[in-house]
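Order of appearance sets the numbers: ligands from 1, and atoms from 1 within every ligand. Remember, predicted model here, so these are calculated numbers, not experimental data.
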Amino acid sequence: MGTALIYDEEMTKYKLLWVDPACKFEVPERLTVSHGALVESGLADRCVSVPVREATDAEILLVHSAEYLEAVKTTPSMSLEDLMEFTLQYGDVYFHPNIYHCAKLAIGASLQLVDSVMTGKVRNGMALVRPPGHHSMHSAASGFCIFNNVAIAARYAQQRHGAKRVLIVDWDIHHGQGVQYCFEDDPSVLYFSWHRFEHQKFWPQLKESDFDTVGKEKGAGFNINVPWNKVGMQNSDYLSVFFHILLPVAYEFCPDLVLVSAGFDSAIGDPEGEMRATPDIFAHLTHLLMNLAEGKVCAVLEGGYNLTSLPQSVCQTVHTLLGDPAPCPANLDAPCKSALESLQCVRSVHRTYWSCLRHAADLPTSCSTKHINTAEGADQEPTEESSQEIFWPPPMKRVFPPTRTAVVLPDDVACPDGCKRWSLLEHPDPQLCLSALVDKMVKNEICNGLVLVPDVSVAMICLAQHAVAALNKRLLVVCVGDGMVPIQGTEDGKTLVVHFSRKESEEQRGKHFITVHLTKGCGDASGFIQAVLSLLLPLGYEYDPGLVLLVQKPDSGVCDSMWRQLTGLLQGLAQGHMLVVMQEDERKHIGPTCSSLLGIAAPSLGQLHSLLPEDVEALERLRRRLTPDWKLLQTTVAEEP
Ligand SMILES: NCCCNCCCCCS
Ligand SMILES: [Zn+2]
């Protein structure tokens with residue numbers, strides 16, 4: 001299944017016709033450099049090109065008032081003076097004779113994307129549009145936005161395609177207040193936004209952009225605001241919010257469709273955001289969403305004003321939508337104190353709405369007296385625009401290995417479509433065979449693999465020794481199922497073992513051997529997925545292995561959809577170099593495992609029930625024990641003594 005790319009150069013044909021410092025960044029070049037980079041890199045040719053269309057009045061009226069639409073309809077024939085006059089009634093936005101036309105195309109592009117994904121024509125896709133949409137409101141333009149592309153797309157997906165639950169992930173650096181207002185009392189649309197806030201000093205300086213605005217009436221809990229109260233946020237800050245807020249809640253919400261308000265002003269170099277996350281982080285943010293809604297992800301461009309980091313971020317996003325392995329999440333460090341404070345505040349106010357956050361800590365003392373801080377902060381100016389030049393390395397080339405998935409299967413088992421058989425014949429000694437397979441991965445000739453062996457324990461030992469000794473790679477071993485794990489987490493840090501088991505392991509084998517105890521083992525999807533999202537993934541990203549070994553012990557009890565979620569999510573690590581090892585009589589898992597290894601999205605787990613209290617306790621105990629050693633596990637600020 002392909003990736004749709006929707007773009008039309010007509011949307012570059014409007015611009016600011018007068019002087020307005022607030023709007024100077026919103027230029028046509030934003031679109032031309034983004035699309036140009038996709039063409040230049042060969043990514044555009046790998047996508048399914050879908051034409052734009054104009055939105056109809058009815059579609060615009062899904063979100064906006066008739067009065068507002070009628071008013072905007074009068075702008076194409078306006079003189080320059082009239083356009084300036086008309087613009088004055090709104091904030092931080094400008095009109096142009098052709099902007100109404102382009103605004104209809106931006107909506108139409110988004111709806112074409114929704115059609116392509118919801119009808120199964122493609123798996124996912126991206127719409128490169130301008131004007132952006134997430135600031136525009138029922139009867140007002142705002143923040144370069146005329147109509148709310150993503151809000152209309154959400155309503156359209158529900159009405160036209162019967163989508164019940166829609167998740168909107170707004171990773172733009174500004175708060176999409178227009179989206180929030182549209183769905184704040186609607187439990188069928190979960191709106192998540194992080195945004196530069198600086199204790200309400202940053203545009204649009206709304207009190208309701210803070211973490212304690214959670215939605216109204218039936219919509220309470222379905223609006224998640226993560227305020228960034230400082231600039232300079234980095235990759236670790238963004239990933240921590242995905243691991244400890246967005247992903248646990250998104251899996252509990254179980255959306256039928258994921259819409260991304262994909263603004264890239266949250267990337268390094270952007271004059272608006274002034275953050276320091278690098279463009280490759282969007283490869284991981286995209287990857288982490290791609291096993292939701294069975295892979296139905298629609299990314300719609302919002303902001304992004306640095307003409308270097310914007311195209312780089314767009315390319316990173318499209319690479320991942322196409323299924324290309326993500327680059328290694330290099331040199332992650334701890335989330336900063338301010339980010340942890342926001343993280344703790346958001347988790348605290350949402351714990352009454354989401355069972356996955358039930359055990360979240362109370363508000364940090366600094367925030368419970370937050371109003372005092374705000375009073376202090378309100379009269380200060382936002383951080384001065386930094387004038388010094390910022391540099392960052394261009395993202396690594398993301399080449400795809402010639403073979404995606406190699407399989408070692410008993411001779412009487414057919415090789416699943418799309419996989420390449422790695423036959424034991426050439427390597428009579430099975431151990432050599434496995435080592436040869438690992439060598440091919442490390443040389444990037446093969447991306448990942450599935451190996452059925454007579455005895456998983458023997459295979460684990462052989463592979464671990466080979467991967468670490470011969471290849472000098474850090475090895476992450478994820479072992480699912482009860483029973484002894486024959487590998488020590490090596491104190492030299494070369495091997496990290498995470499073992500999911502029903503049995504509480506008495507002995508603790510140090511920092512690099514972690515047993516995650518789940519009462520019902522991996523049969524309980526709710527407990528298991530939460531342990532994966534907020535424990536295994538943070539550990540894995542921080543450890544940054546060169547190879548992942550995923551072992552399913554016999555009768556682990558893990559269900560296919562959970563197994564495929566795990567296999568899918570772990571491919572964000574080690575540039576997708578993962579070797580799955582199973583007992584050879586576990587034949588029923590071959591098909592599901594291979595489909596995940598081939599990049600096909602995992603089936604949804606369904607709406608998750610509450611975690612078992614004893615599992616919550618065990619996970620919290622484990623997290624408390626591990627957090628001193630693993631920074632990405634932190635979810636609270638260290639309370640002042
Ligand atoms: N520094 C100028 C203030 C600009 N404020 C509006 C920003 C709109 C971004 C849309 S993604
Ligand atoms: Zn923005």
Side-chain angles (χ1 to χ4, degrees), residues 11 14-16 18-31 34 87-96 99 102-103 106-107 110 127-137 140-151 168-181 191-198 200-206 209 225-228 231 233 238 259-277 279 281-282 285 299-307 309-311 313-314 317 381-387:
M11 287 183 277
Y14 77 91
K15 64 182 179 178
L16 183 55
W18 52 81
V19 174
D20 176 357
C23 296
K24 69 186 180 195
F25 297 125
E26 209 298 304
V27 297
E29 290 71 22
R30 296 178 53 236
L31 229 42
S34 299
T87 296
L88 285 179
Q89 57 186 324
Y90 306 114
D92 288 58
V93 66
Y94 63 87
F95 279 80
H96 175 283
I99 200 168
C102 295
I107 303 167
S110 309
L128 279 184
V129 301
R130 74 185 272 274
H134 67 154
H135 296 300
S136 66
M137 294 163 271
S142 168
F144 315 151
C145 305
I146 307 302
F147 298 128
N148 204 311
N149 308 318
V150 166
I168 299 176
V169 178
D170 188 336
W171 69 43
D172 185 286
I173 205 58
H174 296 93
H175 181 220
Q177 87 283 15
V179 184
Q180 171 169 298
Y181 297 148
Y191 178 57
F192 167 93
S193 171
W194 61 40
H195 32 271
R196 183 176 171 180
F197 187 61
E198 289 179 301
Q200 205 175 325
K201 292 192 316 270
F202 187 71
W203 188 91
Q205 294 179 288
L206 298 171
S209 299
N225 284 335
V226 180
W228 299 124
V231 293
M233 293 299 168
Y238 288 7
L259 298 178
V260 183
S261 268
F264 297 104
D265 41 17
S266 40
I268 191 167
D270 192 275
E272 282 286 317
E274 296 188 73
M275 297 300 170
R276 295 217 322 268
I281 197 60
F282 295 103
L285 302 185
V300 179
L301 182 67
E302 297 279 4
Y305 306 99
N306 177 300
L307 300 182
S309 62
L310 168 61
S313 303
V314 167
T317 303
E381 281 308 303
T383 315
E384 279 311 303
E385 266 186 45
S386 54
S387 54

Checklist entry - Is the closest N or O pair between Glu272 and ligand 1 shorter than 3.5 Å? => result yes
Checklist entry - Is there side-chain contact between Val300 and Leu259, with heavy atoms separated by less than 4.5 Å? => result no
Checklist entry - His134 pairs by side-chain hydrogen bond (donor to acceptor under 3.5 Å, both in side chains) with which of Asn149, Asn148, Asp170? => result Asp170
Checklist entry - Do the side chains of Ser142 and Asp92 get nearer than 4.5 Å, heavy atoms only? => result no
Checklist entry - With a 4.0 Å heavy-atom cut-off (strictly under), which part of Phe202 contacts ligand 1: side chain, backbone, both or neither? => result neither
Checklist entry - With a cut-off of 2.8 Å, how many protein N, O or S atoms neighbour the Zn ion (ligand 2)? => result 4
Checklist entry - If you count the atoms of ligand 1 from 1 in the order shown, which ones are under 4.0 Å from a heavy atom of Gly143? => result 8 (C), 10 (C)
Checklist entry - Closest approach of Ser34 and Val314, non-hydrogen atoms and distance? => result OG-CG2, 4.0 Å
Next on the checklist: Using only atom types and a distance under 3.5 Å, with no angle test, would you say the side chain of His195 pairs donor to acceptor with the backbone of Ser209?
Outcome noted: yes
Checklist entry - Can you list the atoms of ligand 1 that are under 4.0 Å from a heavy atom of Asp172? => result 11 (S)
Checklist outcome for this item: Here the atoms of ligand 1 under 4.0 Å from any heavy atom belonging to Asp265 are 11 (S)
Checklist entry - Backbone N or O of Leu285 within a donor-acceptor pair of the Tyr238 side chain at under 3.5 Å? => result no
Checklist entry - At a 4.0 Å cut-off, with the gap strictly under it, does some heavy atom of His134 reach an atom of ligand 1? => result yes
Checklist entry - What atoms in ligand 1 come closer than 4.0 Å to a heavy atom of Tyr305? => result 9 (C), 10 (C), 11 (S)
Next on the checklist: Does this structure show an ion pair linking Arg130 with Glu26, if we count only N-O contacts that are shorter than 4.0 Å?
Outcome noted: yes
Next on the checklist: Can you tell me if Pro132 contacts ligand 1 (heavy atom of the residue under 4.0 Å from the ligand)?
Outcome noted: no
Item to check | Backbone N/O of Asp172 and side chain of Asp265: donor-acceptor pair under 3.5 Å | outcome: no
Next on the checklist: So is Phe25 touching ligand 1 or not, going by heavy atoms under 4.0 Å?
Outcome noted: no
Checklist entry - Mind checking whether Phe282 and Phe264 have parallel, tilted or perpendicular rings, split at 30° and 60°? => result perpendicular
Checklist entry - Is it the side chain, the backbone, both or neither of Glu26 that has a heavy atom closer than 4.0 Å to ligand 1? => result neither
Checklist entry - When the ring planes of His174 and Trp203 are compared, do they come out parallel, tilted or perpendicular, using 30° and 60° as the limits? => result perpendicular
Next on the checklist: Side chain or backbone, does Asp92 bring an N or O within less than 3.5 Å of an N or O on ligand 1?
Outcome noted: yes
Next on the checklist: Give the atom numbers and elements of ligand 1 that come within less than 4.0 Å of a heavy atom of Gly303.
Outcome noted: 11 (S)
Checklist outcome for this item: Minimal heavy-atom distance between Met275 and Met233, with the atoms involved, is SD-N, 3.3 Å
Item to check | With Val93 via side-chain contact (heavy atoms from CB on, under 4.5 Å) - residues at least two apart | outcome: Tyr90, Ala141, Ile146
Item to check | Whether Phe144 and Tyr305 hold their rings parallel, tilted or perpendicular, with breakpoints at 30° and 60° | outcome: perpendicular
Checklist outcome for this item: With heavy atoms and a 4.0 Å threshold, my read on which part of Ile173 contacts ligand 1 is neither
Checklist entry - Does His174 come within less than 4.0 Å of ligand 1, judged by its heavy atoms? => result yes
